[in-house]
Structure formats: C-alpha cells, structure tokens
Amino acid sequence: MESITFYGAASEVGRSCFVVESHETTMLDCGIKLDGRTPVPPTFDLKKSGEIDQVLISHAHLDHVGYVPALYQNGFNGKTLMTKPSRDIAQVLLADALRLQRETLFTKKSVDKLFNNIKLVEYRKPSGGVEYRDAGHVLGSGMILLDTGEHRILYTGDVNLRPTRLLDGADLEDLEADILITEGTYGGSHVRQASKKTINTFIHHVGTTLRRGGKVLIPTFAIGRGQEMLLTLESHMRGKIIPQAPIFLDGMVKKLTKIHRHNANYLKKEVQQRILTSDDDPFKSEYFEEPTSKTKHEVFNAGRAVIVAPSGMLVGGPSVRYFKKLAPDKKNTVIIVGYQANDTPGRLVKEGVKNVEVDGENVEINCQVEVAPFSGHSDSLELMQLARRVKGLKQVFVVHSERDKGLELAKQMSTKLHVKSYVPIVGEKVQI
Ligand SMILES: [Zn+2]
Ligand SMILES: [Zn+2]
C-alpha cells in the first residue's frame with residue numbers, strides 16, 4: 001500500500017512538504033512558511049530524516065526548498081534533485097536565510113551538505129522514475145512526475161500556464177498520471193486579468209507617480225516577479241512611455257537577476273537572443289542601480305525613482321524599510337504585484353487599511369496604493385485546463401491553497417472531471 005503524507009501547504013500556502021511512501025520514500029519539496037515574524041517549518045519529524053531516500057525540489061522559492069538543510073542536519077544522506085537554475089537560486093536564498101535567521105533552523109554545515117548532495121535534472125529527461133517538466137513559474141521551476149511502480153504522480157509545484165515576458169508557460173504536452181497533486185493558490189472563483197491589462201495598469205501608475213516627482217515602491221519576491229518587473233519597466237522607460245528615472249534593485253534582486261543571465265537557456269527564446277547575441281541585454285540596463293549604502297540615502301535622495309525590493313508581503317527584507325519611509329507621503333505609490341497571505345502587512349495594505357503595523361512600527365499610509373496582479377500562479381480555469389490535459393487521471397489533491405479556495409477547486413475538479421478530489425490538512429496521511 002502506498003501513501004502520501006502532507007506535512008505542510010495543506011489547507012494553507014507556504015512550507016510545501018509531502019512524503020510519498022512506496023518501495024522507497026520520496027519527499028516532494030521541503031519549505032518553510034515565511035508570512036509571519038518567525039519562519040514555520042513543516043510538521044515532518046526530523047528524527048525520521050534518515051528514512052528518506054530522495055528529495056525532489058520543484059523550484060527554489062523558500063516555501064519549497066527552505067527547510068532541506070534541516071534534513072541533512074538530522075541524518076538524511078540521500079540526493080536532492082533540482083534543476084541547475086534552482087540550485088543557483090537556492091544557493092543565494094539559503095545563504096541569505098542563514099544570515100538572517102533569528103532562531104537556528106539549520107547550520108552552515110548542513111547547507112553545505114545539501115549543495116554537496118544535489119543531483120541536477122533537466123526537463124523531459126526521465127531517470128530513476130522521476131521526470132521534470134517546465135512549470136513556467138520562475139526560472140528553472142519544474143512540475144515533477146514520479147513513477148512509484150503502482151502509481152504515476154504528477155506534482156505541479158507552483159505552476160503558471162501563461163507565458164510571461166521572461167518564461168514560456170508550463171509544458172503540458174503528453175502528461176500522464178493517475179494522481180495529481182496540484183497547487184491551488186488562486187483556486188477560488190477569481191479569474192486572472194489579461195496580462196496586457198495588468199501591464200497597462202502598472203505602467204500607468206508608475207508613469208503618473210514619476211511625473212509628479214514621487215517614488216514607486218514595488219515589494220516583490222526577489223526571484224520571479226522581481227525580474228518580470230525589471231524587464232517591464234526597462235522596456236517602457238527605453239520606449240519613453242514613462243519618464244526616465246533610476247530603478248533601484250535591492251536585496252539580492254541584482255544577484256538573482258545575474259543568475260537569469262547565466263541560465264539564459266531557461267528563458268524565453270527572444271530574451272535568450274537578446275542576452276546571447278547582442279549588446280541589447282535587458283538585464284544590463286543603464287537604468288538599474290543597486291543601493292550600496294546601509295542607510296539607502298541614495299534612494300531617498302533620488303527625487304523620482306522606482307524601487308524593486310523583497311519581501312513581497314512586507315514581512316522582513318528591505319521593502320519594509322522603504323515602505324516605512326515612503327508610505328506616509330502622498331506623492332509616492334506602492335504597487336502590490338504578488339500573492340499576499342492572510343494577516344500579512346502586504347494583505348492589509350492591499351485591502352486599503354490606512355494604519356498598518358510593519359516590523360513592530362505603526363505606519364500611516366497616505367501614499368497611493370495600487371494593485372497590478374503579476375502573478376506567477378495559474379487561476380482555477382487554468383488549473384482545470386492543466387488537469388484536463390493529464391491522461392489517465394483518477395485522483396486529485398489540492399495543496400498550496402487557503403482552505404476555502406482549495407475546496408472550491410476540488411469541487412470543480414470532481415464535478416467537471418469526475419475524479420476524486422481532496423484537500424488535505426497538515427499532518428494528514430492518505431493511502432493511495
Ligand atoms: Zn513559488
Ligand atoms: Zn509556493
């Protein structure tokens with residue numbers, strides 16, 4: 001009898017961690033939840049780390065990879081599989097997590113042990129019952145097909161069916177699996193806006209703010225949406241659609257942008273072309289600047305400017321510092337571009353709350369607040385489309401979703417596709 005245990009990201013977003021038990025024990029992702037003051041690990045009992053045979057990582061966001069070192073620290077000796085860009089990104093993000101951690105989740109030694117035990121995988125090259133497919137979510141992100149002998153499991157990781165400025169959409173060709181573990185971040189009834197409309201809204205608000213001499217703050221994940229923002233801003237500034245102004249990249253955005261250049265073959269053909277064959281590298285734009293001073297005075301003194309900085313939900317990271325300083329002034333604009341978890345300052349700002357506590361400080365919000373949903377996640381229509389493409393599908397588990405949205409998606413899957421659909425809770429073990 002085979003089983004899946006959901007140690008995190010079950011009826012919640014964050015700390016993805018699932019264990020498939022068959023003739024071997026495979027962990028799918030091992031992340032931490034980062035929307036509170038302290039990171040929350042998955043409920044997997046670390047004493048059992050030695051029993052895991054392999055860990056498969058879908059992509060390098062910390063809610064998917066941020067807890068793997070703890071496994072190595074507690075007796076895991078196997079390989080961790082991921083793509084090369086995921087490894088490069090994880091190296092930067094985990095080093096940073098190590099530096100910033102308030103309570104010790106893992107040591108530098110265990111991070112090193114992880115990177116000494118990585119097995120790189122490529123899309124569409126099956127090996128040992130595991131195959132990765134482009135998930136279109138961030139650079140190097142993968143959907144994972146796991147053949148256990150009795151079952152074929154497709155785990156979507158975080159998935160985006162839509163092509164973006166940087167990446168092709170998810171690869172849905174010839175998918176075959178009887179079990180689907182799908183993300184459901186936007187599993188509710190909300191339908192995604194057309195990308196063009198989002199870009200127009202975004203550019204309109206950036207332009208208006210710069211013209212009145214204000215600053216635009218874009219809190220974002222350091223990887224993924226960050227680079228999407230940069231390319232969008234760069235092309236509109238170069239085309240003189242918005243006024244010229246410095247675009248400050250803070251908090252590893254620059255480092256991670258470099259990783260995109262080094263892994264250009266994972267980007268869309270046209271971006272690849274620009275990077276590889278001409279002086280037209282969009283990531284090397286003259287508009288991009290990196291604040292080097294601790295006080296960030298060059299940013300605050302810049303007059304009009306755009307700032308792209310993590311974290312995306314205003315929980316820690318340099319975006320918090322900029323937010324405190326810029327939010328009280330009505331000349332400025334904060335643009336919310338990504339997913340905002342419940343109870344985070346970012347969610348409150350998005351909902352129009354006028355006084356928000358950020359990092360222990362009460363901040364008065366007089367600036368303009370706008371929302372331009374540049375999501376790296378598919379909406380429920382697209383997730384249904386994905387599930388329809390899976391041949392032989394019998395059972396669906398919805399994860400990486402607030403419970404009500406997950407239930408909505410599961411209901412759609414069972415009524416429209418006639419498959420068993422289920423939203424597990426954290427710690428639940430299901431026989432398959
Ligand atoms: Zn992600
Ligand atoms: Zn995620």
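Both ligands and their constituent atoms are indexed starting at 1 by order of listing.
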Closer than 2.8 Å to the Zn ion (ligand 1): does that hold for any N, O or S atom in H59? yes
For the Zn ion (ligand 1): the N/O/S atom of H61 at shortest distance: ND1
Salt-bridge present (D359, R321; N to O < 4.0 Å): no
Angular separation of D63 OD2 and H400 NE2 about the Zn ion (ligand 2), given to 10°: 90°
Identity of the N, O or S atom of H137 lying closest to the Zn ion (ligand 1): NE2
N/O/S of H64 less than 2.8 Å from the Zn ion (ligand 1)? no
Salt-bridge test for E12 and K33: reply yes if a basic N is under 4.0 Å from a carboxylate O, no otherwise. yes
Taking R347 first and then E402, would you say they form a salt bridge - that is, a charged N and a carboxylate O separated by under 4.0 Å? yes
Measure from the Zn ion (ligand 2) to every N/O/S atom of D158 and report the name of the nearest one. OD2
Kindly assign one of parallel, tilted or perpendicular to the pair Y266 and Y123, based on the angle between their ring planes and the thresholds 30° and 60°. perpendicular
Going by heavy atoms in the side chains, are L233 and I218 under 4.5 Å from each other? yes
